[in-house]
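A note on names: the letters A, B, ... follow the listed sequences, proteins ahead of strands, and every chain is numbered from 1.
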Amino acid sequence: MIQSETASFRPWQNWLEAPSFGEAAFNETIDGGQAFRWRRIEDYFEGRWGQSIVRLRYRESGIQWSAPTSEQPEKITGALSTYFALDSKFEELTDALPWRSDQPLKTAIDAFPGLRILRQPFGETLFGFLCSSTKQIPQIKAICEAVALDIGEALPDGSHALPGWQQIAEAGEARLRAAKLGYRAKYIHQTALYLAEHRNFLKETESATTEEARKRLMQLPGVGRKIADCTLLFGLGRLEAFPIDTWVQKILARAYGLEGWKTEQLQDFARAHFGPSAGLAQQYLFAAARAGLIAA
DNA sequence: GCACAGGTAGATT
DNA sequence: AATCTACCTGTG
């Protein structure tokens, strides 16, 4: 992997507005499957979204950040505020979840205090989860990296941003296949062609009700209920969205005794049981299951 | 070699 | 309406 340019990074600075993270929740929030463009390097994580390149590291005293010297510090902290959805009070939302009468959820919350739902750029979130079907997280990351390198614009440090939908439409399906997308390449290219033709589609989706936004997303090729819900949750902050993947299905079956329930029934259960922040509960359970703390 | 992986769409029953 | 199945590719 050749980087044509290198950029110097700022000295580490305390992220004064940082939310209160436990270390496990910090790791899980940025590198637990919500986002696919973070990698761990030594004692820090380096991540990219939009035009942003940010390094973060956990310290007992709080979170510290760094970024290429070419970027204004205020721009970075502003981007962080949005990305980490600082306007949402996840501590309060967590307390309002039914953990008092739900042992698996209590186990998960105790293990990941401070876990958050990211608010990523909408289009990038859609792209990431269109890549995700029957793929493991390391492979999804590798695909995103390959697509960025081939099609995305260069960033100040010589790495690449994810391409926009217009760029993906122009690049064509063959180059997506070359990034190991397999059968997903066709869906993604067809979606790109549609979004390139309907420039306001995503913007209008962002301002729609969650139900309407889900319907709109599911019109796109390759976007079913699960990918739509992931996009709504991790890209739009719609915390009521409750993506049911193979993990969550197993968790609900084994830890909640819902063996044999259909996805539609599980959706109803999740809404009734977990309430308006069901998606946050989903993320706690997903994290705990991956860590082997609850049955899955 | 073969099952399986943060699914979806189209066919078949 | 519920239940198969094909679809790419990497990994164990």
Same-atom distance ([atom1]) from [N] to [M], integer angstrom:
N: B:dT8; M: C:dG10; atom1: P; result: 22 Å
N: B:dC4; M: C:dC4; atom1: P; result: 16 Å
N: B:dA3; M: C:dA6; atom1: P; result: 13 Å

**Study point:** Structure string for DNA chain B in dot-bracket form, Watson-Crick and G-U at under 3.5 Å, | interchain
**Key:** .||||.|||||||
Below 4.0 angstrom from OP1 or OP2 of [N], is there any side-chain N or O of [X]?
X: A:Lys135; N: C:dT9; value: no
X: A:Lys262; N: C:dT3; value: yes
X: A:Lys250; N: B:dA5; value: yes

Review point. If you check the A:Phe286 side chain, which of B:dT8, C:dT11, B:dG6 turns out closest?
Key: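 For the A:Phe286 side chain, the nearest candidate turns out to be B:dG6.
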Which is true for [X] with a 4.0 Å heavy-atom rule: it touches a base, it touches only sugar-phosphate, or it touches nothing?
X: A:Leu220; value: sugar-phosphate
X: A:Arg184; value: base
X: A:Ile140; value: nothing

Point to revise | Parallel, tilted or perpendicular: rings of A:Phe45 and A:Phe26 (30°, 60°) | key: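 The arrangement is perpendicular - the two ring planes meet at more than 60°.
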Exercise for review: Verify whether one side chain among A:Arg199 and A:Gln166 offers a donor that lies under 3.5 Å from an acceptor in the other.
Suggested key: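 Yes - a donor-acceptor pair under 3.5 Å links their side chains.
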**Study point:** A:Asp268 with A:Lys262: basic N within carboxylate O range, under 4.0 Å
**Key:**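 Salt bridge flag = no for A:Lys262 with A:Asp268.
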